Amino acid sequence: MAATAGLAAAPAVHVSPSATGSLRWAPCHEPANPGAECATLSVPVDWAHPDGPTLELAVARRKATDPGARVGSMVFGPGGPGDSGVRMVVDRVSRFSPEVRRRFDIVSFDPRGVGDSNPVTCSGDLLAQRPSPVLKSQADFDATMAYNKRLRADCRARTGPVFDHLDTAQTVRDVDALRAALGERKLTFHGSSYGTLLGAQYAETYPRRVRAMVLESVMDHSVAATRDFLRAEAASAEDSFQEFVKWCDRTADCELHGRDVRAVWRSLLTRAGRGELEDPVKPGSPLSSTDLVNKVAFRKFYEADYAGLATAIATMHASEPLPASPTSTAPLPPATPVFCSDWHLPVRDHRAYASLVAMMNRTAADLPYLLPIHMVAACLGAPTANPQHRLDVRGAPPILVSNALHDPATGYPWAVSVARQLGRRGVLLTYEGHGHGSVTSGPCMEDAVNSYLTDLTVPPRGTSCPALDSVNAAGSPPRPLP
């Protein structure tokens, strides 16, 4: 099966004794957020060699708030890649609905290479030397390839053997070991963003071990071509920018209402490109144009916080320009190797790279050098253990696929595609609003997801829920389903 390429066939999990035994839970040492319990789970570094070296996965849970109504454990697959599931359980359990918290033990983990699960470790000095994704020549392209090779060697030496076993096909086995250690005959799973890749491949690998599965803000791992991947990502981000402009045009409370929003935004990009725009988080320091796009605008799109973005843009536009100075691009997080191990996105040479950048900048004219092109540059030359493929899920129960119409990172077409790949098992639930994440976006979404998780009641095919985010609060109704 493509999902387990490079691994032994997986009809059963073979794990170390500590993985098959009960987890040893103890209170997490979090005075500000008491009530969570923590444990570790020993799993093989390489599931193709289950008797070889092991690593300790950090795990956390919060018990069901109504023990008498408890259904079982629900495992959350964190996003990123690089997000900590332990931190989600400890600090952000409110992202799950009260009904889910009442009926399930909420369990999550730090995926291998992340957080407290043998984290990828690299030289800080070397990370700070990462080349800009603005590659102007074949020499720049070659230098990036050489840098990536040097960084991989450094990270591998500091991280240990798990560095070469970070792909999602390995993490699928970790999740099944966690299911067994929790004493669950079948898995109840909620994956968000990058965690949807994990969930989909679990269903592909162990279809008859799935009880219920929610895939929220969906990655489509069938997108094989580099150009197609980048075009889809650029289109999703640009859609959010266009929605932001429309919201400002029709909403008197927008701080840019009545102004040419695009002209104001482009002036900020120009100032940032010259090093004259002050970083609002680091007073006195310049904000690069790539950080303006990816750390200011894109983050607000995630939260559907268009009012907050308008305020940030207006404030920066009114600020005094800094003396022109060079700006640098912040290093990507060490979790980048996880992405590289799952996505084969080759680029032949600088000419091909420049063509991809030009295509992205045409597709997302307002958002140059979006994060995905940074990821492609960071993965140049990297091996891919778990490359893209179409899903082949046979024998699983219905799987709920949830997405907002206007998601800046995982566009709605990806959710449609994944639901189609799942065939009769894929049930698409549409949130007609904005932002990255949708399962708790109003009572319609919550009720549909809660009923599915607790009672296995599948919403009717074609179900969509009205937008309740502030983007639509004072304007026209959301657009109809495509």
Side-chain angles (χ1 to χ4, degrees), residues 1-5 7 9-11 74-77 79 167-169 171-173 175-176 179 185-225 228-229 232 236 342-344 386-405 407 409-432 438-439 445 448-465 480-482:
M1 185 179 293
T4 55
L7 300 181
M74 185 188 78
V75 175
F76 177 74
D167 59 279
T168 292
T171 307
V172 162
R173 306 295 186 88
V175 168
D176 202 52
R179 174 199 58 77
R185 189 174 66 87
K186 293 194 173 185
L187 176 72
T188 301
F189 182 87
H190 172 190
S192 180
S193 193
Y194 208 80
T196 63
L197 196 158
L198 173 60
Q201 290 196 202
Y202 184 95
E204 189 173 44
T205 310
Y206 301 111
R208 300 188 189 279
R209 297 184 190 176
V210 176
R211 174 189 168 271
M213 180 173 288
V214 174
L215 305 179
E216 174 195 22
S217 293
V218 188
M219 298 286 294
D220 182 4
H221 201 228
S222 74
V223 181
D228 292 343
F229 174 82
S236 297
D342 283 328
W343 291 88
H344 181 60
N386 178 42
Q388 302 95 301
H389 67 279
R390 287 188 64 82
L391 284 171
D392 182 11
V393 178
R394 304 179 186 182
I399 293 172
L400 193 63
V401 178
S402 168
N403 220 88
L405 275 183
D407 187 313
T410 57
Y412 187 71
W414 278 1
V416 173
S417 172
V418 169
R420 285 175 178 160
Q421 289 171 59
L422 290 169
R424 290 180 300 168
R425 300 161 193 84
V427 180
L428 180 61
L429 175 64
T430 301
Y431 174 57
E432 296 173 355
S438 56
V439 300
M445 293 294 295
V449 174
N450 292 346
S451 295
Y452 168 73
L453 286 173
T454 57
D455 304 323
L456 303 181
T457 301
V458 180
R461 291 188 181 275
T463 296
S464 62
C465 291
L481 287 174

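Being a predicted model, the structure only gives us computed values, none of them experimental.
To the nearest 0.5 Å, the span separating CG on L429 from CD on E216 amounts to 10.0 Å. The CG atom of N386 sits 13.0 Å away from the NE2 atom of H344 when rounded to the nearest 0.5 Å. The CE atom of M213 sits 5.5 Å away from atom CD1 of I399, with the distance rounded to the nearest 0.5 Å. Annotation: the span from L198 atom CG to M219 atom CE amounts to 12.0 Å, rounded to 0.5 Å. To the nearest 0.5 angstrom, R185 atom CZ is 11.5 Å from R209 atom CZ. We find the CD-OG distance between E432 and S464 to be 4.0 Å, quoted to the nearest 0.5 Å.
Residues E204 and V172 have side chains not in contact (no heavy-atom distance under 4.5 Å, counting atoms from C-beta outward). Between T410 and V218, every side-chain heavy-atom pair lies at or beyond the 4.5 Å cut-off. Within the 4.5 Å cutoff, no side-chain heavy atoms of N403 are placed close to those of W414. Counting heavy atoms from C-beta on, the side chains of L456 and R211 come closer than 4.5 Å. Side chains of Y206 and L187 form no contact here, defined as non-hydrogen atoms less than 4.5 Å apart. Contact check for L428 versus R461: no side-chain heavy atoms found under the 4.5 Å cut-off. Within the 4.5 Å cutoff, the side chain of S402 has no heavy atoms near those of the Y431 side chain.
Listed by first and then second residue, the salt bridge (Lys or Arg N to Asp or Glu O under 4.0 Å) pairs that reach into residues 412-423 come to none, sequence neighbours excluded.
Here the closest non-hydrogen pair linking V210 and A203 is CG2-CA, 4.1 Å. Between A212 and L453, the shortest heavy-atom contact is CB-CD2, 4.3 Å. Considering every non-hydrogen atom in both L215 and A200, the closest pair reads CD2-N, 4.1 Å. Nearest heavy-atom pair, G79 versus S193, reported as atom, atom and distance to 0.1 Å: CA-CB, 4.3 Å. Of all non-hydrogen atoms in H221 and Q201, the two that sit nearest each other are ND1-OE1, 3.4 Å. The heavy-atom pair separating P398 from V458 by the smallest distance is CB-CG2, 3.7 Å.
Not one N or O on the side chain of S417 forms a donor-acceptor pair closer than 3.5 Å with the backbone of P413.
With sequence neighbours excluded, the residues forming a side-chain hydrogen bond (donor to acceptor under 3.5 Å, both in side chains) with S222 are D220, Q421, listed by chain and number. Here T196 pairs with nothing under the side-chain hydrogen bond (donor to acceptor under 3.5 Å, both in side chains) rule; sequence neighbours left out. Every side-chain hydrogen bond (donor to acceptor under 3.5 Å, both in side chains) that S217 has, sequence neighbours left out, goes to D407. In this structure, the side-chain hydrogen bond (donor to acceptor under 3.5 Å, both in side chains) partners of D228, at least two apart in sequence or on a different chain, are R231. F189 pairs by the ring-ring contact (aromatic ring centres under 6.0 Å, His included) definition with nothing, not counting sequence neighbours.
A salt bridge does not link D176 with R173: every distance from a Lys NZ or Arg NE/NH1/NH2 to an Asp or Glu carboxylate oxygen is 4.0 Å or more. Remark: R394 engages D392 in a salt bridge, criterion side-chain N to carboxylate O under 4.0 Å.
Classification of the F229-W343 ring pair by plane angle, with boundaries at 30° and 60°, yields tilted.
For the residue pair Y412 and T430, a side-chain donor N or O sits within less than 3.5 Å of a side-chain acceptor on the partner.
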